[in-house]
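The structure is given below, and queries will be raised subsequently.
Worth knowing before you read on, the calculation uses all heavy atoms, side chains too, and leaves out hydrogens, waters and symmetry mates. All residue numbers in this chain count up from 1 along the given sequence.
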Amino acid sequence: MSGFVEKPEPIQVPGLVHLHTGKVRDLYRNEAGDLVMVASDRLSAYDWVLPTEIPDKGRILTQLSLWWFDLLADLVPNHVLSTDVPEGAPADWAGRTLVCKSLRMIPVECVARGYLTGSGLAEYDESRTVCGLALPEGLVDGSELPGPIFTPATKAEVGEHDENVSYEEVARRVGAETAAQLRQVTLAVYSRARDIARDRGIILADTKFEFGFDGETLVLADEVLTPDSSRFWPADQWQPGRAQPSYDKQFVRDWLTSAESGWDRGSEQPPPPLPERIVTATRVKYVEAYERLTGMSWS
């Protein structure tokens with residue numbers, strides 16, 4: 001059992017129809033038929049959406065996504081129409097709201113990996129493959145791969161695990177032409193972002209994208225290249241053979257699995273609230289990722 005510790009009631013806004021409450025984002029449709037995506041400060045870990053929020057997190061994710069969308073626009077169009085806050089919406093929606101094209105979404109998480117860790121490492125240790133792709137012997141946690149690889153996954157519901165699948169399975173589900181396009185664009189976007197991050201002293205170990213079709217045009221959707229959808233590591237601390245320091249919610253994961261939290265991950269009990277020091281440390285990491293990548297100060 002997992003999901004929301006306390007699922008929030010959707011905010012009602014005149015002219016908007018609430019469609020979905022996700023782990024982080026709330027999705028609405030406006031009267032023009034466009035999607036309105038609002039990034040909350042919610043945080044998920046171990047398939048639970050936690051009861052404690054991280055201040056500014058939703059704004060940081062939104063502003064960082066917008067920064068990346070601009071840098072990637074020549075590779076693939078994105079779904080953003082505007083950042084206007086709908087009339088009648090709470091003032092708190094400012095900076096965290098995107099008005100987006102309504103797309104025909106592709107039910108695949110498009111994951112690109114340049115380094116071995118996480119679920120990829122677990123599969124590699126068993127079979128020397130990731131999503132069916134054979135990899136060289138001798139790789140360890142944090143190893144750089146010979147080249148970026150496309151390792152797709154099925155998109156899970158809140159509280160469920162995404163499941164890694166082979167490229168052949170993606171082709172079976174969405175068609176060979178679409179699968180080839182997804183792989184090509186995913187690796188192109190990852191490679192561009194990896195080089196940009198590297199110039200700023202950050203390793204982009206892996207990341208996931210979501211795409212949809214606007215007519216026949218493939219469009220990049222949702223968030224992009226944030227600490228929630230990517231593994232960012234400080235390059236000067238990279239050391240293969242161990243878990244890497246990262247710009248994400250690792251403070252939260254570490255505390256939840258510590259004796260101090262009193263939480264048994266294997267139980268069906270929801271996680272407890274986070275201590276203030278863990279909230280503060282996690283927010284600092286999100287801000288640091290934004291500032292190092294963009295070169296701008298977070299205010």
Side-chain angles (χ1 to χ4, degrees), residues 22-25 39 44-45 57 60-73 75-76 78-80 105-106 108-124 130-131 133 141-156 161-165 167 170 181-212 218-235 238 243-250 253 285-286 288-290 292-294:
K23 291 179 182 178
V24 174
R25 288 165 184 78
S44 66
K57 176 174 173 282
I60 293 169
L61 298 185
T62 301
Q63 299 308 310
L64 187 55
S65 289
L66 287 166
W67 184 80
W68 281 114
F69 281 137
D70 283 346
L71 292 177
L72 301 169
L75 293 179
V76 59
N78 63 72
H79 67 162
V80 179
M105 295 302 295
I106 301 168
V108 175
E109 293 274 9
C110 293
V111 180
R113 301 176 191 267
Y115 293 75
L116 187 64
T117 193
S119 62
L121 175 66
E123 181 183 334
Y124 174 83
V130 178
C131 290
L133 296 174
D141 192 358
S143 288
E144 185 172 9
L145 301 175
I149 57 175
F150 177 62
T151 57
T154 56
K155 186 168 173 55
H161 287 292
D162 292 344
E163 180 182 353
N164 292 347
V165 294
Y167 175 77
V170 173
Q181 194 176 6
L182 290 175
R183 178 169 62 183
Q184 185 272 323
V185 175
T186 295
L187 293 178
V189 171
Y190 170 79
S191 297
R192 167 77 62 82
R194 174 202 59 196
D195 293 346
I196 291 170
R198 183 178 289 159
D199 288 344
R200 290 155 171 79
I202 292 178
I203 290 173
L204 174 58
D206 55 40
T207 191
K208 63 181 179 180
F209 305 114
E210 292 192 44
F211 296 94
L218 189 69
V219 176
L220 183 58
D222 199 47
E223 65 179 318
V224 60
L225 294 156
T226 71
D228 271 18
S229 65
S230 316
R231 284 188 176 92
F232 292 117
W233 300 336
W238 175 55
Q244 310 299 316
S246 58
Y247 296 100
D248 62 8
K249 51 196 172 188
Q250 196 59 46
R253 296 190 191 99
K285 279 297 179 186
Y286 277 88
E288 186 180 356
Y290 173 86
R292 288 197 65 174
L293 285 166
T294 68

- Just do the side-chain contact (heavy atoms from CB on, under 4.5 Å) check on Asp248 and Phe232 with the steps written out, would you? CA-CA 8 Å; Asp248 62 8; Phe232 292 117; over 6 Å; no
- Query: Which distance, rounded to the nearest 0.5 Å, do you find between the CG of Asp206 and the OG of Ser229?
  - Reply: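 Going from CG on Asp206 over to OG on Ser229, the span is 9.5 Å.
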- To the nearest 0.5 angstrom, please state how far the CD1 atom of Ile149 sits from the CG atom of Leu187.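 Rounded to the nearest 0.5 Å, the CD1-CG separation comes to 9.0 Å.
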- Query: Between Trp233 and Tyr247, is the gap from one ring center to the other below 6.0 Å?
  - Reply: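 When the ring centroids of Trp233 and Tyr247 are compared, they turn out to be at least 6.0 Å apart.
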- Roughly how far apart are Ser230 OG and Ile202 CD1, rounded to 0.5 Å?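 Interatomic distance, Ser230 OG to Ile202 CD1, rounded to 0.5 Å: 10.5 Å.
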- Item | Lys NZ or Arg CZ of Arg183 over Tyr167 ring: under 6.0 Å, within 45° |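 The answer is yes, since Arg183 meets both limits relative to Tyr167.
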- Item | 4.5 Å side-chain heavy-atom contact, Ile60 and Pro227 |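 Heavy-atom side-chain distance check fails, nothing below 4.5 Å.
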- Using the side-chain contact (heavy atoms from CB on, under 4.5 Å) rule, take Glu210 and Val224 through it: C-alpha gap first, then chi angles, then the decisive distance, then the call. CA-CA 8 Å; Glu210 292 192 44; Val224 60; over 6 Å; no
- Shortest non-hydrogen contact between Cys131 and Pro152, atoms and distance: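 Heavy-atom minimum between the residues: SG-O, 3.7 Å.
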- Is there a side-chain contact (heavy atoms from CB on, under 4.5 Å) between Tyr190 and Leu225 once you walk through the steps? CA-CA 9 Å; Tyr190 170 79; Leu225 294 156; 5.8 Å; no
- Query: If you round to the nearest 0.5 Å, how far is CG of Leu61 from CD of Glu223?
  - Reply: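 If we round to the nearest 0.5 Å, Glu223:CD and Leu61:CG are 5.5 Å apart.
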- Message: Does either side chain, that of Thr151 or that of Arg113, offer a donor lying less than 3.5 Å from an acceptor on the other one?
- Response: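 Result is yes, a qualifying pair exists.
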- Of all heavy-atom pairs between Lys249 and Ser44, which one has the smallest distance, and what is that distance?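 Between these two residues, the closest heavy atoms are NZ-O, 2.9 Å.
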- Message: What verdict does the ring-ring contact (aromatic ring centres under 6.0 Å, His included) test give for Tyr290 and Trp67, after you've listed the backbone C-alpha separation in whole Å, the side-chain angles of each residue and the deciding distance to 0.1 Å?
- Response: CA-CA 10 Å; Tyr290 173 86; Trp67 184 80; 8.1 Å; no
- Under-4.0 Å salt bridge between Lys23 and Asp228: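 Salt bridge flag = no for Asp228 with Lys23.
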- Locate the shortest heavy-atom distance separating Val76 from Leu218; write the atom from each residue and the value.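 Smallest interatomic distance, heavy atoms only, reads CG2-O, 3.7 Å.
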- May I ask you to decide if Leu293's main-chain N or O and Arg200's side chain share a donor-acceptor pair within less than 3.5 Å?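 Answer holds: yes.
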- Taking the side chain as C-beta and beyond, is there a heavy-atom pair between Tyr115 and Ile203 under 4.5 Å?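 The answer is yes; the side chains approach within 4.5 Å.
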- Heavy-atom side-chain proximity of Phe211 to Val219 below 4.5 angstrom: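 The answer is no, as the side chains (C-beta and beyond) never meet within the 4.5 Å cut-off.
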- So which heavy atom on Leu204 is nearest to which on Thr207, and how close?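 Heavy-atom minimum between the residues: CD1-CB, 4.1 Å.
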- Please round to the nearest 0.5 Å and tell me the distance separating atom CG of Leu66 and atom CG of Leu71.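 So the CG of Leu66 and the CG of Leu71 are separated by 11.0 Å.
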- Item | Side chain proximity check, Leu75 to Val185, heavy atoms < 4.5 angstrom |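 Contact flag for Leu75/Val185 side chains = no.
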- Message: Ignoring hydrogens, what is the shortest heavy-atom contact between Asp222 and His79? Give both atom names and the distance.
- Response: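 Minimum heavy-atom separation between Asp222 and His79: N-CE1, 3.0 Å.
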- Query: How close do Gln244 and Gly142 get, heavy atom to heavy atom, and via which atoms?
  - Reply: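 Shortest heavy-atom separation between Gln244 and Gly142 comes out as NE2-CA, 4.0 Å.
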- If only atom types and distance count, is the side chain of Arg292 paired as donor or acceptor with the main-chain N or O of Ala197 below 3.5 Å?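 Such a contact is absent between Arg292 side chain and Ala197 backbone.
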- Message: Whether Arg198 and Glu144 form a salt bridge (side-chain N of Lys/Arg under 4.0 Å from carboxylate O of Asp/Glu) is what I want to check.
- Response: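 Salt bridge between Glu144 and Arg198, a charged N being under 4.0 Å from a carboxylate O: yes.
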- Spacing of Leu220 atom CG and Leu72 atom CG [to the nearest 0.5 Å]: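 Atom-to-atom, Leu220:CG and Leu72:CG are 7.0 Å apart.
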